[in-house]
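These notes concern the structure reproduced below.
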Number of protein chains: 2
Amino acid sequence: MDKVVDELELKKAGLAKDVIGEIAMSSDPGKTIKKWRALFRVSQKELSKELGVTSSVISDYESGRRRSPGILFLKKYVEALMNIEGRRGGEVLKGFLHMTESRSASSAIADIREFEKGVGLDEFCRCIGAQIIKSAEHPDEDLYGYTVIDSVKAITELSFSELSKLYGVTTRRALIFTNITTGKGPMIAIKVANLKPALVILHNIPLSEVSDVAKNIAGIEGIPLAICENVTLEEMVEQLKKLG
Amino acid sequence: MDKVVDELELKKAGLAKDVIGEIAMSSDPGKTIKKWRALFRVSQKELSKELGVTSSVISDYESGRRRSPGILFLKKYVEALMNIEGRRGGEVLKGFLHMTESRSASSAIADIREFEKGVGLDEFCRCIGAQIIKSAEHPDEDLYGYTVIDSVKAITELSFSELSKLYGVTTRRALIFTNITTGKGPMIAIKVANLKPALVILHNIPLSEVSDVAKNIAGIEGIPLAICENVTLEEMVEQLKKLG
DNA sequence: TCCATACTTCGATAATCGTCTAACGGATTT
DNA sequence: AAATCCGTTAGACGATTATCGAAGTATGGA
């Protein structure tokens, strides 16, 4: 139950991101603000009541008299639209959220997240108890996200061009491969797809089993490599939530 | 050549949307602003020079002393980051833009766009010379975008769940089907996928050829239906650019 | 015509922004 | 150690902008 609510909230936040981004980059932000209010079929008065401001505030933003609404206002604005419409049955909201279903990652991606602030490479490894076996060229550069990949599913399900989905927003991230035997496959995939992650972690493999080919690729490409033993996938994902 | 530049600018604008949306919805906008500057490896000083403000302005936003940056500032902020880094070779920028390649629509979608403001149903039809053959329940409600679909490719390439990709941001849009014979296929697809577009246009088909099944589905589902004759796909796409 | 609803305009006041100045902490140099 | 540089942060002040509230227009019923 909790999880369903969380997913819904995540989707709503995702929609809000898109809306605010569109407003910000619009050539006429006021018109775009108005557009979204109209799409949710909410009146200025109803909205202003929900926001705790006068309706003239809404009007001023929509007319362009106030040219640069702050992000705190916009956040409240979009959330108020979704809340009002949601209370009335949420038909419009459902229409938007329905689309995001198909956006969900391929099942080969077990987890993917962006950090709000940079996380040090050492801090990242410490968090999940990973041990670095091939160190970085620039150990001081921060990470800004991670992707956990089931390497078997990735091979069977992802097309070559789809490999770039492993990169979320930024390439300065850790790629964590699970369900591996020697780590050779994932490192070859990284090489042929010309990916340059900031860190590669091989999950649940003893040091003695790590393929020499994997180590060599890491060395040549200058990609730091680490292994993470004696931690289940679930535990690791849980730990990673604490970062960033 | 022009087209390449346009596509690049579109991608950059898309990235800017994502960045601004992430900043706006972040629990700590200052940290997120800082994160993006760090990702582009630009100093406060360099950035402030590009923006024509003092570096303390940047500092204030990042520290959170100024809690709600306006969209005009954020737009300039993100564009400045991309410009500075782009001038230095744009390695980071290329990394981000590379990912957006795979986001491009399936080849079944010939064109897709969102309007910045609502467009009346009649205005839309007039723009491309379409003739309404099944009128709307609510003719006064505006459209907020359109999708042009090659119906043959849609059937061969799109999976059932992917049909929702036809809907861009909003469902209050026109779906324009090209490469059709009677319009029966597209309307059945709409019915089984439970889509409710605000308008369906059948491209390049005479009224006498329109299938009765198509008309009936439109009637039962309450979807306005129109046909668009004697206009090439290219001309239509060109005309549609003038809207919204 | 009157009334209700939805939205717009605009002046007075409160809040925020942008600049300048000064200071801080960490590196590097002397 | 002291001096210096660099990127960043904090205080104070005038300039700008946001908010409210009241009065206005526009539209569409009873």
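Chain A is the first sequence line, chain B the second, and so forth, proteins listed ahead of strands; every chain is numbered from 1. For the numbers below, each heavy atom of this structure counts, side chains included, while hydrogens, waters and symmetry mates do not.
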Between atom [atom1] in [X] and atom [atom2] in [N], what is the gap in whole Å?
X: Glu62(B); N: dA10(D); atom1: CD; atom2: C1'; result: 15 Å
X: Leu74(B); N: dC17(C); atom1: CG; atom2: C1'; result: 14 Å
X: Leu72(A); N: dA15(C); atom1: CG; atom2: P; result: 16 Å
X: Ile58(B); N: dG7(D); atom1: CD1; atom2: C1'; result: 13 Å

Among all residues two or more places apart in sequence or in another chain, which pass the side chain to side chain donor-acceptor pair (under 3.5 Å) test with [X]?
X: Asn83(A); value: none
X: Lys31(A); value: Asp28(A)
X: Arg41(A); value: Glu141(B)
X: Tyr146(B); value: Asp111(B), Arg113(B)

Residues forming a ring pair (Phe, Tyr, Trp, His ring centres under 6.0 Å) with Tyr77(A), sequence neighbours excluded: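 With sequence neighbours excluded, Tyr77(A) shows a ring pair (Phe, Tyr, Trp, His ring centres under 6.0 Å) to Phe73(A), given in chain and number order.
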
All ring pair (Phe, Tyr, Trp, His ring centres under 6.0 Å) counterparts of Phe40(A), not counting sequence neighbours: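 Only Phe96(A) meet the ring pair (Phe, Tyr, Trp, His ring centres under 6.0 Å) criterion with Phe40(A).
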
Any Lys34(A) side-chain N or O less than 4.0 Å from OP1/OP2 of dT8(C):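 Answer is yes, contact under 4.0 Å.
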
Side-chain N,O (Ser59(B)) to OP1/OP2 (dT9(D)) below 4.0 Å: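 The answer is yes; a side-chain N or O of Ser59(B) sits under 4.0 Å from OP1 or OP2.
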
Residues which pass side-chain contact (heavy atoms from CB on, under 4.5 Å) with Arg65(B), listed by chain and number, not counting sequence neighbours: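 For Arg65(B) the side-chain contact (heavy atoms from CB on, under 4.5 Å) partners, ignoring immediate neighbours, are Asp60(B), Ser63(B).
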
side-chain contact (heavy atoms from CB on, under 4.5 Å) involving Ser48(A) - partner list, sequence neighbours excluded: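 Partners of Ser48(A) under the side-chain contact (heavy atoms from CB on, under 4.5 Å) test: Val53(A), Ser55(A), Ile58(A).
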
In residues 114-124 of chain B, what donor-acceptor pairs under 3.5 Å come from side-chain atoms, sequence neighbours left out?
residue: Glu114(B); atom: OE1; partner: Arg173(B); partner atom: NH1; Å: 3.1
residue: Glu114(B); atom: OE2; partner: Val169(B); partner atom: N; Å: 3.1
residue: Glu114(B); atom: OE2; partner: Arg173(B); partner atom: NH1; Å: 3.4
residue: Glu114(B); atom: OE2; partner: Arg173(B); partner atom: NH2; Å: 3.3
residue: Glu116(B); atom: OE1; partner: Ser26(A); partner atom: OG; Å: 3.4
residue: Glu116(B); atom: OE1; partner: Ser27(A); partner atom: OG; Å: 3.0
residue: Glu116(B); atom: OE2; partner: Ser27(A); partner atom: N; Å: 3.4

Pro197(B) and its side chain to side chain contact (heavy atoms under 4.5 Å, CB included) partner, picked from Ile190(B), Thr171(B), Ile176(B):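 In the set Ile190(B), Thr171(B), Ile176(B), the residue that makes a side chain to side chain contact (heavy atoms under 4.5 Å, CB included) with Pro197(B) is Ile190(B).
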
Contact list for DNA chain D against residues 83-91 of chain A - heavy-atom distance below 4.0 Å: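 The answer is none.
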
Under 4.0 Å protein heavy-atom contact, by nucleotide of nucleotides 17-24 of chain D - B base, S sugar-phosphate only: -SBBB---

Check: Glu229(B)/Gln131(B) side-chain N/O donor and acceptor closer than 3.5 Å: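 No donor-acceptor contact under 3.5 Å links the two side chains.
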
Selection: residues 36-48 of chain A, any non-hydrogen atom under 4.0 Å of DNA chain C: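 Output list: Arg37(A), Ser43(A), Gln44(A).
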
